[in-house]
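Below is one structure; the comments refer to it alone.
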Amino acid sequence: MNPLHLPLIRRLAGILSGIPLRVQITAMCCSFVVVVSLVTWIIVSRSQEQVIQFEALKLADIVVNQAASARSAYSSLAVSKLKADGLGASEFSDDLPGHIPLPAQFLKDLSYRSRQDTNGLFSFRPISKWNLAPEHGIQNSFQEWAWEQLEDQNRRAPDAPLDWTPVWRISDDENGKILRYLTADPAASSSCVNCHNELEKRADVIAQRIASGVQPGNQWQLHELLGAIEITIPLDRVAALARAQTRDGLLIVLGITIIGVCGVCFIVFYDAARNHAANAKLTFHANHDSLTGLPNRFALESTLNQLFNVDGEGIACESVTLIFLDLDNFKQINDALGHETGDKVLSLGANRIARALPADGFVARLGGDEFAVVLRDKTVEFVNTVASDIAESINQPYEVEGYKLSLGVSIGAATCPEHACTTSELLRCADVAMYSAKNGPLTFAWYDPASDTNAISNLVMKNELREAIENDGLEVHYQPKYSLKTGRMTGVEALARWHSPSAGFVSPEVFISLAEHVGLINDLTTLILKRAATQCQQWRQMGFDLSVSVNLSAMNLHEGTLPDLIRTTLADTALPASALTLEVTEGTVMTNVDRACEVLSQVRALGVKFSVDDYGAGYSSLSYLNKLPISELKLDRAFITHVGSSEKDAVIVRATLELAHNLGLIMVAEGVEDAAALDFLCSIQCDQVQGYFLCRPLPAAELERRLPFIHEFTPAPQALEPLQPTDDLLHPIPQDKAA
Ligand code: C2E
Ligand code: MG
Ligand code: MG
């Protein structure tokens with residue numbers, strides 16, 4: 001049976017649960033000490049009393065024997081000797097020359113002297129019911145009680161000495177505790193009996209007997225109760241001594257117990273303090289992010305829950321504003337310069353956010369490059385100012401390990417009670433606002449309920465993306481690449497497309513990064529790679545000599561399974577390895593150059609080509625270009641889009657082309673958006689081009705429909721008649737430039 005089911009124990013447990021542990025332990029220790037002392041005192045006192053009694057009885061026994069022995073020695077050595085000499089013992093020995101007192105008188109005298117000599121240590125006195133001297137008669141209640149008991153043991157005319165049991169009692173009187181002890185002093189010899197019986201016949205004795213109310217003429221026989229010896233031993237002095245010793249002993253025991261208990265308490269409290277410190281540390285770690293030292297998501301949720309007074313009546317203040325922050329470009333820093341540098345930048349960023357807050361602002365790191373700020377009772381204007389302060393401070397350059405780096409930030413805010421009044425809902429709203437800031441032109445956005453249906457809820461999106469990948473729900477669009485030398489389409493770049501059920505079209509940059517975060521990137525790459533390879537092989541079989549480029553993410557490259565995936569894809573789709581190009585970004589490679597080199601070499605050995613995508617957009621070093629088994633450089637569209645009008649871009653593009661050629665690479669210019677850019681690229685003899693001006697990415701079926709017109713380079717734009725020029729689907733390269 002569970003003891004907690006007993007009402008009393010349950011009640012006790014209830015009371016105890018309200019008392020702090022330290023108080024409980026202290027109270028228990030004190031009670032323990034008191035109980036131990038009390039029990040020890042009782043046990044020791046009791047046993048001492050018994051020992052004292054025992055010793056006192058032994059002493060009484062000794063005294064009686066000594067007195068009887070003294071009388072017997074007196075009787076045999078002195079009285080018998082004198083009798084033999086014709087003299088003897090007499091009651092009136094003082095008046096008779098050559099006579100000594102009777103043995104009974106000797107004993108009385110002995111008792112008198114010993115009372116004086118022992119200074120109260122003990123006393124003995126012969127008494128009898130018939131004694132003529134009142135001092136030796138029965139005088140007090142003890143003597144009466146004890147004499148009666150001796151008479152009970154008496155037998156008339158016994159033929160052998162009786163086995164007398166002494167009678168004793170410990171009584172308290174004004175002098176303290178006293179042992180009173182009475183033992184029989186029977187008629188021990190015939191001469192003694194005769195002597196006493198003779199006395200009883202004397203007229204003066206008879207008269208005295210009558211006067212004192214005792215039957216005269218009593219006649220004794222041998223071994224009968226003639227008299228008794230009374231011993232009194234005061235026990236107080238011994239008891240006081242014993243008490244003092246008990247007290248001393250107890251004090252020592254108490255001292256040791258207290259020291260022991262204190263020791264135990266110390267250990268318990270020390271241990272409790274250590275546990276407390278360990279718990280505090282655990283709590284700190286459970287509530288804080290180890291990198292930045294800021295509170296973590298859990299702490300943020302607890303703070304919000306408290307403000308929303310989850311268990312109580314409602315919101316604890318007028319308003320709560322949640323600001324959601326997501327750093328822009330941070331992934332690039334991480335990818336390009338490694339996690340250590342990324343961590344340092346993140347710590348600096350976290351510091352800047354914290355410094356930009358008002359004193360009562362609360363900031364937490366939610367994970368990765370996401371942060372959240374909680375503000376209480378602040379106006380819209382105030383929140384706007386805080387958001388712009390944060391953005392301004394985040395945008396300042398970061399100097400880390402010799403690099404001068406820059407970061408951006410997207411900020412969203414939602415407020416309670418206006419937008420939501422639960423932790424999860426407010427977080428969602430602020431998240432939605434942050435996403436709308438990320439996808440819009442401004443750094444900061446307030447939550448807009450009207451547009452929430454179109455906003456991307458990160459959480460929902462993750463699940464939807466998972467489902468889309470598992471159920472082959474992604475689409476692939478293809479964007480042609482053209483050779484400026486031949487004027488022909490050399491291949492297509494496969495670009496993933498996704499329509500989320502809740503958010504509609506989602507930019508690949510967003511869902512690719514999501515897939516990386518939730519560990520779906522390998523499945524996504526497998527899916528796109530298989531689709532693209534199958535599609536490309538179909539077009540090849542239709543007679544179009546095309547290759548296909550597929551984008552890889554950093555995680556694909558660091559997965560050991562990439563070579564196998566490529567091998568089986570090529571085998572399954574029958575696409576020649578030479579018709580497949582894999583595009584990797586600088587950041588992808590730079591995360592771990594050695595590992596990237598190893599995987600790239602294994603795949604290159606299969607005959608597949610590699611292209612460095614978005615070249616120039618990251619924080620790359622030129623040195624890796626030499627190391628990697630790459631064949632193509634795709635200059636980032638940031639340099640291409642305005643190259644027709646920007647002299648600086650033109651210089652960069654020209655220099656990069658030269659660099660690529662010197663390294664034996666071909667250069668692809670992506671992001672060609674107008675004729676001026678195309679003209680310039682033709683003029684510097686760039687190898688390949690890709691861009692909206694030439695053709696936008698198209699669904700496979702649409703591209704296939706147009707392939708007959710756009711695959712073979714023809715100078716006749718009329719060939720594209722069915723298409724609207726505004727579609728920007730195709731602007732074939734003029735043949736003169738194609739040379
Ligand atoms: P990317 O690999 O550099 O792809 C080129 C991007 O530039 C595409 O954007 C394309 O639509 C866009 N683009 C092409 N020509 C022009 C132009 O003239 N002007 C402008 N402004 N843009 C142009 P998209 O499709 O949005 O893809 C964005 C990025 O998402 C890609 O950049 C690539 O890094 C990534 N991505 C797309 N599909 C996949 C995929 O299947 N796997 C992986 N890992 N990443 C992918
Ligand atoms: Mg690409
Ligand atoms: Mg690119």
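Every number for a ligand or one of its atoms is a count from 1 in the order of the listing.
Atoms of ligand 1 found under 4.0 Å from any heavy atom of Ile512, numbered from 1 in the order shown, are 39 (C), 40 (C), 42 (N), 43 (C), 45 (N), 46 (C). Atoms of ligand 1 found under 4.0 Å from any heavy atom of Gln479, numbered from 1 in the order shown, are 14 (C), 15 (N). Residue Val672 approaches ligand 1 through these ligand atoms, each under 4.0 Å from one of its heavy atoms: 18 (O). Near Leu552, meaning under 4.0 Å from any of its heavy atoms, are these atoms of ligand 1: 44 (N). Proximity to Asp613 (heavy-atom distance under 4.0 Å) selects the following atoms of ligand 1: 1 (P), 2 (O), 3 (O).
Using a cutoff of 4.0 Å between basic side-chain nitrogens and carboxylate oxygens, Lys438 and Asp328 are scored as salt-bridged.
Here Glu583 fails the criterion, with no N, O or S atom under 2.8 Å of the Mg ion (ligand 3). Inclusion of Ser549 in the first shell of the Mg ion (ligand 2) is not supported: no N, O or S atom falls under 2.8 Å.
Remark: distances from the non-hydrogen atoms of Gly671 to ligand 1 include one below 4.0 Å. Using a 4.0 Å cutoff on heavy atoms, Arg696 does not count as a contact of ligand 1. Note on ligand 1: Gln690 sits outside its first shell, no heavy atom being nearer than 4.0 Å.
Inspection of the Trp539 and Asp545 side chains reveals no N or O donor paired with an N or O acceptor under 3.5 Å. Between Glu632 and Ser611, the side chains place a donor N or O and an acceptor N or O closer than 3.5 Å (distance only, hydrogens not considered). A donor-acceptor contact under 3.5 angstrom links the side chains of Gln690 and Lys634, judged on distance only.
For atom 9 (O) of ligand 1, the nearest protein heavy atom is 4.0 Å or more away.
In this structure a side-chain-to-backbone donor-acceptor pair under 3.5 Å is missing from Thr641 to Ala638.
Distances from atom 24 (P) of ligand 1 to the heavy atoms of Ala677, Pro508, Ala669 show the closest one on Pro508. Taking all heavy atoms of Arg637, His477, Glu509, Arg497 into account, the minimum distance to atom 6 (C) of ligand 1 is reached by Arg637.
Looking from atom 20 (C) of ligand 1 to the surrounding protein, the closest heavy atom is Glu673 OE2, 3.2 Å. Looking only at protein heavy atoms, the nearest one to atom 5 (C) of ligand 1 is Glu670 OE1, 3.7 Å. Protein heavy atom nearest atom 42 (N) of ligand 1, with residue, atom name and distance: Asn551 O, 3.4 Å. Nearest to atom 3 (O) of ligand 1 among the protein's heavy atoms is Asp614 OD1, 2.9 Å. Nearest protein neighbour of atom 18 (O) of ligand 1, counting heavy atoms only, is Tyr692 N, 2.8 Å. Ala496 N, 3.0 Å is the protein heavy atom nearest to atom 38 (N) of ligand 1.
Leu580 has its side chain out of reach of Lys609: every pair of non-hydrogen atoms, C-beta onward, lies at least 4.5 Å apart. At a threshold of 4.5 Å between non-hydrogen side-chain atoms, the residues His499 and Glu475 count as touching. Residues Ile710 and Met489 are in side-chain contact: their nearest non-hydrogen atoms beyond the backbone lie under 4.5 Å apart. In this structure the side chain of Met461 reaches within 4.5 angstrom of the side chain of Trp498, judged on heavy atoms.
Closest approach of Asn329 and Gly408 over heavy atoms only: ND2-N, 4.0 Å. Counting all heavy atoms, side chain and backbone alike, Leu698 lies closest to Glu702 at CD2-CG, 3.9 Å.
Interatomic distance, Arg637 CZ to Tyr692 OH, rounded to the nearest 0.5 Å: 6.0 Å.
A cation-pi arrangement is present between Arg352 and Tyr398, with the terminal nitrogen or guanidinium carbon under 6.0 Å from the aromatic centre and inside a 45° cone about the axis.
For the side chain to side chain contact (heavy atoms under 4.5 Å, CB included) test with Val476, the passing option among Lys530, Arg531, Gln535, Arg497 is Arg531; the others fail. A side chain to side chain contact (heavy atoms under 4.5 Å, CB included) with Asp523 holds for exactly one of Leu474, Ile469, Ile528; it is Ile469.
Residue contacts with ligand 1, taken as heavy atom pairs separated by less than 4.0 Å, involve Leu495 via backbone and side-chain atoms alike. At a heavy-atom cutoff of 4.0 Å, ligand 1 is contacted by the side chain of Pro697 but not by its backbone.
When OD1 of Asp613 and OD1 of Asp614 are joined through the Mg ion (ligand 3), the resulting angle is 90° to the nearest 10°. Computed with the Mg ion (ligand 2) at the centre, the Asn551 OD1 to Glu493 OE2 angle is 90°, stated to 10 degrees.
No N or O atom of Phe693 sits closer than 3.5 Å to an N or O atom of ligand 1.
Summary: OE2 is the N/O/S atom of Glu670 found nearest to the Mg ion (ligand 3).
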